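Below: the structure, in structure tokens.
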Amino acid sequence: MRILLFSVSLFFSLNANAQFNIDLERIDSLTKNHQNLDFNFANLKTTFEESPDKLTPHQVQILYYQSLNNKGSLWYELNTATSFTKFKELNFKKFVEYAEKSLQETPANFTILFLLSLSYSTSKQDKNIANKYAKKYKIVIDALMMNRNLKDPENTIELNCSTDEMMLLSLFGIDKSVYIKSTTPTIKYLLNMYQNGNEKFYIKTLYKYNL
């Protein structure tokens, strides 16, 4: 069975509708509201594992961003970067063990989901598992990109860490070496601008520091 890959090049031409900036505090409150089980983190995690198609894009967003609330930026960045490093070492067993354990804490981490789909695709008997992970990372990216426009700094995609940013560029087929990158820090995120002549696009990297 062919791995479920997808084209993302059309994102640059999207005419996005208005979208509010991500509010991590509100997301944290939603997931801990026992009167609203639709956004309970444990429930979302279980549904995403068993039947990811049953989640709405908004629920997938909650699942992705709440992992940052739960673990904080330092842990999230280090864990995602370590997963990528282990993947590059080409030790399938070692990487999969670490990555699948990481998904227990960050179930919608699309970088790890994508790398797992590639790892399992190398084995014929594991194609179904590879497709499962490929389907999940597509669902996550589709949800994060919903009504977003990379050319609009106020309405661009918001990510949990710089490794996710690097992976997104790779999935979009963007050669970052031809762009000059500049970063503007704010209270809640880094606004990263990539420029090549008159062409510009933007990606926000959120941060959350847990004590």
Side-chain angles (χ1 to χ4, degrees), residues 6-33 36 38-39 41 44 55-77 80-81 106 108-111 113-114 136-210:
F6 64 105
S7 172
V8 292
S9 60
L10 293 179
F11 283 140
F12 277 99
S13 61
L14 283 178
N15 292 316
N17 297 318
Q19 174 84 21
F20 292 110
N21 290 331
I22 296 301
D23 185 337
L24 291 176
E25 292 182 1
R26 180 174 180 274
I27 289 173
D28 193 45
S29 177
L30 276 174
T31 62
K32 295 175 180 177
N33 182 353
N36 189 354
D38 288 341
F39 297 112
F41 185 79
L44 293 176
L55 294 182
T56 67
H58 186 48
Q59 288 175 313
V60 174
Q61 292 171 9
I62 296 293
L63 188 64
Y64 174 78
Y65 293 117
Q66 183 57 23
S67 294
L68 186 62
N69 277 327
N70 290 342
K71 306 305 295 185
S73 289
L74 181 60
W75 187 95
Y76 195 102
E77 180 69 77
T80 307
T106 61
N109 186 317
F110 68 82
T111 293
L113 291 170
F114 175 71
K136 286 183 176 180
Y137 85 74
K138 181 183 184 302
I139 286 173
V140 175
I141 293 182
D142 283 348
L144 298 180
M145 280 300 303
M146 186 179 67
N147 295 333
R148 297 292 185 175
N149 187 339
L150 296 183
K151 294 189 176 183
D152 180 356
E154 298 299 322
N155 194 36
T156 190
I157 191 171
E158 300 178 66
L159 300 177
N160 283 350
C161 69
S162 61
T163 306
D164 279 354
E165 178 183 346
M166 178 184 66
M167 180 57 67
L168 190 78
L169 294 177
S170 177
L171 290 172
F172 280 23
I174 298 171
D175 181 3
K176 65 179 182 179
S177 68
V178 304
Y179 293 89
I180 297 174
K181 179 181 178 180
S182 60
T183 300
T184 302
T186 73
I187 295 176
K188 296 183 178 181
Y189 59 83
L190 300 176
L191 178 61
N192 304 299
M193 180 181 75
Y194 292 81
Q195 183 171 6
N196 181 3
N198 293 326
E199 180 185 356
K200 298 178 183 178
F201 68 90
Y202 305 84
I203 296 175
K204 290 180 182 178
T205 306
L206 301 169
Y207 43 78
K208 175 69 180 290
Y209 296 108
N210 293 352

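All values derive from a computational prediction rather than experimental measurement. The residues of the chain are indexed from 1 along the displayed sequence.
- Contacts of Met193 classified as side chain to side chain contact (heavy atoms under 4.5 Å, CB included), with partners at least two apart in sequence or in another chain: Ser182, Gln195, Lys200, Tyr202.
- Distance check: Leu171 CG to Met167 CE gives 6.0 Å after rounding to the nearest 0.5 Å.
- Applying the salt bridge (Lys or Arg N to Asp or Glu O under 4.0 Å) criterion to Glu165, with sequence neighbours excluded, gives Lys181.
- Residues Leu168 and Phe110 approach most closely at N-CE1, 4.2 Å, considering heavy atoms.
- To the nearest 0.5 Å, the span separating OG on Ser67 from NZ on Lys208 amounts to 12.0 Å.
- Residues that satisfy the salt bridge (Lys or Arg N to Asp or Glu O under 4.0 Å) test with Lys71, not counting sequence neighbours, are Glu105.
- Between Pro57 and Ala143, the closest heavy-atom pair is O-CB, 3.6 Å.
- When all heavy atoms are compared, the tightest approach of Lys138 to Asp142 is NZ-OD2, 2.7 Å.
- The shortest side-chain heavy-atom distance between Ile141 and Phe114 does not fall under the 4.5 Å cut-off.
- Atom-to-atom distance recorded for Lys204:NZ and Thr184:OG1 is 11.5 Å, nearest 0.5 angstrom.
- Taking both residues in full, the closest heavy atoms of Ala108 and Val140 are given as O-CG1, 3.4 Å, listed atom of the first, atom of the second, then distance.
- Qualifying salt bridge (Lys or Arg N to Asp or Glu O under 4.0 Å) partners for Lys32, counting only residues two or more places apart in sequence or in other chains: Asp28.
- Tyr194 meets the ring pair (Phe, Tyr, Trp, His ring centres under 6.0 Å) test with Phe201; sequence neighbours excluded.
- Ser29 places no side-chain N or O within 3.5 Å of a backbone atom of Glu25 that could act as its donor or acceptor partner.
- We find the NE2-CG distance between His58 and Leu44 to be 9.5 Å, quoted to the nearest 0.5 Å.
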Candidate pair Leu206 and Lys188, rule side chain to side chain contact (heavy atoms under 4.5 Å, CB included), full reasoning | CA-CA 6 Å; Leu206 301 169; Lys188 296 183 178 181; 5.5 Å; no
Apply side chain to side chain contact (heavy atoms under 4.5 Å, CB included) to Asn109 and Asp164, showing your working.
-> CA-CA 8 Å; Asn109 186 317; Asp164 279 354; 3.6 Å; yes
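- Note that CG of Asn70 is 15.0 Å distant from OH of Tyr65, once rounded to the nearest 0.5 Å.
- Closest heavy-atom contact between Tyr76 and Tyr64: OH-CE1, 3.6 Å.
- Here CG of Asn147 is found 12.0 Å from CD1 of Ile157. Values are rounded to the nearest 0.5 Å.
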Under the side chain to side chain contact (heavy atoms under 4.5 Å, CB included) rule, what do Asn69 and Thr31 come out as? Steps first, then yes or no, please.
-> CA-CA 10 Å; Asn69 277 327; Thr31 62; over 6 Å; no
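- In the model, Tyr179 has a side-chain atom that pairs as donor or acceptor with a side-chain atom of Glu199 under 3.5 Å.
- Considering only residues two or more places apart in sequence or on other chains, Asn36 meets the side chain to side chain contact (heavy atoms under 4.5 Å, CB included) condition with Leu30, Asn33, Asp38, Phe39.
- Checked by atom type and distance alone, the side chain of Asn149 never pairs as donor or acceptor with a backbone atom of Asn155 at under 3.5 Å.
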What do the steps show when you test Tyr189 against Ile203 for side chain to side chain contact (heavy atoms under 4.5 Å, CB included), and what is the final call?
-> CA-CA 10 Å; Tyr189 59 83; Ile203 296 175; over 6 Å; no
